[in-house]
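Numbers restart at 1 for each chain; the letters A, B, ... are given by sequence-line order, proteins then strands.
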Amino acid sequence: MLSDWMRKTFAEEFPEAQEGLADLRVMTTASPEFGDYQCNAAMGLARRLKQNPRQLAGRIAGRARHESVARLEVAGPGFINITLDDAWLGAHMERMAADPDLCVPKPGSGRTMILDYSSPNVAKPMHIGHIRSTVIGNALDRLHRFLGWRVISDNHLGDWGTQFGIIIMGFKKGVDLKALESEPIDELERIYRESYKRSQEDPEWLDACRQELVRLQAGDPENLALWKRFVDLSMGEFSRIYKRLDVAFDMVRGESFYNDRLAGVVEQLTSAGLARESEGAIVAFLDDEKLPPCLVRKSDGAFNYATTDIATIQRRVEEFNPELIVYVTDERQQLHFKQVFTVSRKLGVKTRLDHVWFGLMRLPEGTFSTREGNVIKLERLLDEAESKALAVVREASPEMPADRQAEVARAVGIGAVKYADLSQNPQSLVVFTWEKALALNGNSAPYLQYAYARIRSVQDKFAERFPSSDLAAHPIRLTEKHERALAVKAAGFADAVMLAAASFKPSMLADYLYDLAVLYSSFYQNVPFLKADAGFRESRVRLCGLTGAILRKGLSLLGIGTMDRI
RNA sequence: ACCCCCGUAGCUCAGUUGGAUAGAGCAUCGGAUUUCUAAUCCGGCGGUCGCAGGUUCAAGUCCUGCCGGGGGUGCCA
C-alpha cells in the first residue's frame, strides 16, 4: 500500500517529525494530468518544520523508490504526484485475477466483533424504516468477514418492551381470532394501534397495560404464553423477509434473552454507588460526563431498554470477549447509546463500543409510525421493486424464459432497493419516494449488474470464438488510455473495501464500484477487444474478467447478487 | 432552553477527514448501433457550496455567530 510506503519514506527522511505522520495518506489525484496518486503531506510537514514545502517534497521525491512507481513529480505548492508503472500495473492485474480474494488482505484475522443490527420490534410489521439498519448492517457484516474478522451478527429483537403490555391488554379484550389466523401481523398491529390509542385517552386502560407488562416480566404463565405466540408469529414474517433480502444472523437473541440479568445490573449499579433511587425510579446520574440521567428501573418496578442493553453488553463480553461491539440503529438512539456505553464503562467494560447511526427515513409528508398507521411495509416495497424490474426484463429480453426473467427481476429489483440505501452517506436523512427507491438506471445496482452481465457475455463469446486460446498464457498489457484508467481503478479495490469497513460506510464501496463500472463501460464502448489483434485481445479479455470479478465480489459484499445474463 | 445531525446544479445525492479547475445520476438539449448486450456510450446546458465573519500557502471541508430543516433531552424502544 502506497500510504505505508510514503509514511516510511517521510519518517526516514525526517526522523524529527515522527508524530505528525500517522495520518499521512496517499490518495487518488483530482485529475489524470497529475498522475495516478498524490501525497500532500509535504506541505503540512513544511509548516511544522518551518521549511520550504517544495524543497521538502523534492527531497522525498528524490529518494523514494517503489517497484510499482514509474515517476514522482513535485507540483504546485508541494504536491507529490505519483504515476504507476505500466508493467507493474499489468502484472498486478494478473495477481489480482489469480487470487480469489483479489489481493485484499485480512487485517481482521484473529479479531472478533459483534454486530447488532436490524433488530425489529415483535408484533409490528417490518416497514421501509427497517431496511436501512438491515441492509447497512448486513453490508458491514459481509465487509468485515471478507477482511478476516470473526463477525458475530446478532438480531437483537425488540421482544420485551412496554409494547407487550399494550398488546396483551388489547389481545385479551379484543382479538379477532380469524384475522389472527389469516393475517397474523396485521391483526397484532391493529390490536397494538387500538390499544395504544385507548391508553392515551384512558388512564385506567394505560394502568392495566402496565400491569400486564409487570405480570409478563414476573413470569405469569398466561402472559408468557401469549408473548411466545406473538414472537413466533413475528419471526415467521421476519424470516420470510430476511430470506428475500439474503440476510442471515449468527444469533437471534431478543431483549428477553437478558431478562434474568436485569435485576443484577441494577444491583451492581446501586451497590457500586453508580445509581440511586430518585422519584421512585433507580437512576444512574452522569453529570461528570455531561449527560442526562439514565433510568435503569422504572418506578413501577419494570426495567427499561437501558438496563437491557447494559446487560447485553456484559453478557457479550463474558461469552465472546470481542474486540468491539457495533450497533446499527437510527439517529434517535445516539443519546441512549452514549449513556449505555458510559454506564457500561463505569461497570468495568473495556471493549470498544461503537454506535453506527443512520438518518431517519421519512415520507414526503412527514414521519411515519406504526401508531399512526401510515407505514409502507417492507414486503410491499420488495414486491413493487420486483414487479417493476420484471416489466423491464420482459421488455429488454423477451426471448428469455419466464423463470429466468423472474430470477433476473428478483436480483435486479432487490438489488436496486438495497443499493439505493447503500449508495448514500448513511447519516443523511432519507425521504422515501417510490421513484428513488426503484430507480433502475444511472447510479444504481442494475447499472452495475448490467456491466457485469456484459462482461460475462464477452467471456462466453471469447470462449466460443477462440476455443483453443489459453488466456493465462498472455500477459495483461495496458496500452490504451481507457484500459489503463480501468486498471488503476481496479488496483484500488482493496483500499476501497478497507476504507468502507473501517469507516462503517458501505457507500464508499458502492461509490467505488460505480466508478469502476463507469470506466469499464467507457472502455467497452471505445476499445475493441474480441476484434483486437491477438495478444491485445487476450489481454483485454483478461482485464474484462478481472473487472467482472471485482464487480461480483464488491456487489456481494453489499449483499447484492449478479446474473450472467440480464 | 440545551444537545446531536443536515443545508452543494431545477430535483436526488457524492465530495477519500484541509488540497490543484466542486463531481455524478435524474430532468433537459444534441450525437453514436452492418460491431463484444443501447438497462450503454460521447457531448451541451446547469453552482455567490444556507448567510456573515475568522483561522492559513490552501476552506464545501476546521472555529464563532445567525437563518432554515430534522432528531433527541429520567419512567416508549
Side-chain angles (χ1 to χ4, degrees), chain A residues 23 25 27-31 33-34 38 40 43-44 46-47 53 75-79 81 119 121 158 160-163 166 196 210 255 278-285 290-300 302 304-306 308-309 329-336 338 357 359-360 362 367 371 389 392-393 395-397 412 423-425 427-431 433 435-436 439-444 446-447 449-451 453-462 465 495-496 499 503 507-508 510-512 514-515 518 521-522 524-526 528-532 540-541 544 565-566:
Chain A
D23 56 350
R25 289 262 294 276
M27 57 180 75
T28 53
T29 51
S31 156
E33 65 184 293
F34 304 131
Q38 62 178 305
N40 308 323
M43 292 171 288
R47 168 189 298 289
F79 300 106
N81 290 337
S119 310
N121 288 323
W160 203 247
T162 308
Q163 85 250 31
I166 295 171
Y196 174 77
R210 287 206 179 118
E255 294 170 338
S278 167
E279 293 173 38
I282 308 283
V283 182
F285 289 93
K290 297 195 173 73
L291 290 172
C294 177
L295 245 79
V296 292
R297 203 182 76 186
K298 302 195 278 187
S299 52
D300 64 8
N304 56 7
Y305 71 136
T308 308
D309 278 340
T329 81
D330 72 57
E331 60 182 321
R332 289 174 302 185
Q333 303 203 28
Q334 286 180 85
L335 175 58
H336 165 67
K338 271 184 198 163
W357 57 268
L360 215 53
R362 304 162 50 81
T367 49
R371 291 172 184 177
V392 176
V393 176
E395 170 93 27
S397 307
V412 168
S423 64
Q424 70 176 293
N425 182 345
Q427 300 189 340
S428 51
L429 175 152
V430 170
V431 177
T433 62
E435 188 195 359
K436 217 183 346 170
L440 298 180
N441 50 16
N443 187 353
S444 67
Y447 178 87
Q449 291 167 321
Y450 178 66
R454 280 164 130 188
I455 288 169
R456 296 291 301 119
S457 177
V458 165
Q459 290 178 309
D460 289 350
K461 286 262 163 44
F462 176 81
R465 291 184 202 173
D495 282 347
L499 210 55
S503 59
S507 62
M508 301 188 88
D511 280 352
Y512 168 84
Y514 178 69
D515 288 346
V518 166
S521 296
S522 185
Y524 176 89
Q525 200 79 22
N526 294 295
F529 22 101
L530 290 186
K531 287 183 285 294
R540 286 170 190 165
V541 170
C544 270
R565 298 286 182 274
I566 75 169

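A:S457 comes within 4.0 angstrom of a nucleotide base, judged by non-hydrogen atoms across all strands. Contact annotation for A:A302: no contact, since no heavy-atom pair falls under 4.0 Å across all strands. Residue A:K290 is out of contact with every strand shown, counting any heavy-atom pair closer than 4.0 Å. Across all strands, A:R540 comes closer than 4.0 Å to no nucleic acid atom at all (heavy-atom distances). Among the atoms of the strands shown, base atoms are found under 4.0 Å from some heavy atom of A:E33. Base contact: A:Y524 has a heavy atom under 4.0 Å from a base atom. Within 4.0 Å (heavy atoms only), A:V393 reaches at least one base atom of the nucleic acid. Within the 4.0 angstrom heavy-atom criterion, no nucleotide atom of any strand lies near A:D309. No engagement by A:L291 is indicated, since no non-hydrogen atom pair under 4.0 Å with the nucleic acid exists. A:V458 comes within 4.0 angstrom of sugar-phosphate atoms only, judged by non-hydrogen atoms across all strands, and of no base. Among the atoms of the strands shown, only primed sugar atoms or phosphate atoms (P, OP1, OP2) are found under 4.0 Å from some heavy atom of A:Y447. Residue contacts shown for A:S299 include a base, since a base heavy atom lies under 4.0 Å away. Nucleic acid contact class of A:R47 (heavy atoms, under 4.0 Å, all strands): base. Among the heavy atoms of the strands, none lies under 4.0 Å from A:E395.
Using the Watson-Crick or G-U wobble rule with both distances under 3.5 Å, B:C49 pairs with nothing in any strand shown. Across all strands shown, B:U73 is found opposite B:A1 as a Watson-Crick or G-U wobble partner, with both distances under 3.5 Å. Across all strands shown, the partner of B:G7 is B:C67, judged by Watson-Crick or G-U wobble contacts whose two distances both fall under 3.5 Å. Nucleotide B:U28 is matched to B:G44 when pairs are restricted to Watson-Crick or G-U wobble geometry with both distances under 3.5 angstrom. A 3.5 Å limit on both hydrogen-bonding distances identifies no Watson-Crick or G-U partner for B:U37.
Side-chain atoms of A:Q38 and base atoms of B:A20 include a donor and an acceptor less than 3.5 Å apart.
In the set B:C5, B:U37, B:C57, B:U37 carries the atom at the smallest distance from any side-chain atom of A:R454. Comparing B:C26, B:G70, B:G74 by their closest approach to the side chain of A:V283 singles out B:G74. The side chain of A:S278 sits closest to B:G74 out of B:C36, B:C41, B:G74. Distance from the side chain of A:E331 is smallest to B:G71 among B:U73, B:A39, B:G71. In the set B:A39, B:C36, B:C4, B:C4 carries the atom at the smallest distance from any side-chain atom of A:Q334. Set against B:A39, B:U35, B:G70, the side chain of A:I566 has B:A39 as its closest nucleotide. Side-chain proximity of A:R332 to the nucleotides B:G72, B:A77, B:C36 is greatest for B:G72. For A:K338, counting side-chain heavy atoms from C-beta on, the closest listed nucleotide (B:C57, B:C4, B:A32) is B:C4.
Side-chain contact check for A:R540 versus A:V458: every heavy-atom pair is 4.5 Å or farther apart. Using a 4.5 Å heavy-atom threshold, the side chains of A:S457 and A:R565 count as touching.
The ring of A:Y514 does not lie on top of the base of B:A24; it is either too far (5.5 Å or more) or too tilted (30° or more). Stacking here means ring centres nearer than 5.5 Å and ring planes tilted less than 30 degrees, and by that measure A:F79 stacks onto B:A20.
A:L360 has its CG atom 13 Å from the C1' atom of B:C6, to the nearest Å. We find that CZ of A:R210 is positioned 10 Å from P of B:C75, with the value rounded to whole Å. Computed from coordinates, the A:Y512 OH to B:A24 P distance equals 18 Å when rounded to whole Å.
Along RNA chain B, the nucleotide nearest A:R565 and the nucleotide nearest A:N441 are compared for position; the residue whose nucleotide lies closer to the 5' end is A:N441. Taking the nucleotide of RNA chain B with the nearest heavy atom to each of A:N40 and A:A281, the more 5' of the two is matched to A:N40.
Atom name C1', nucleotides B:G7 and B:A22: the rounded distance is 16 Å, in whole Å. A gap of 48 Å separates the C1' atoms of B:A39 and B:U73, to the nearest Å. A gap of 10 Å separates the C1' atoms of B:G23 and B:U8, to the nearest Å. Atom C1' of B:G18 sits at a distance of 35 Å from the matching atom of B:A1, rounded to the whole Å.
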- [ ] Please step through side-chain hydrogen bond (donor to acceptor under 3.5 Å, both in side chains) for the pair A:E435 and A:T433, ending with a clear verdict.
- [x] CA-CA 5 Å; A:E435 188 195 359; A:T433 62; 5.1 Å; no
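Side-chain nitrogen and oxygen atoms of A:Y450 include at least one within less than 4.0 Å of the OP1 or OP2 phosphate oxygen of B:A39.
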Open item on the list: For a quick check, with a 4.0 angstrom heavy-atom cut-off, what is the B/S/- contact string for nucleotides 9-17 of chain B, read 5' to 3'?
Closed with: ---SSS-BS
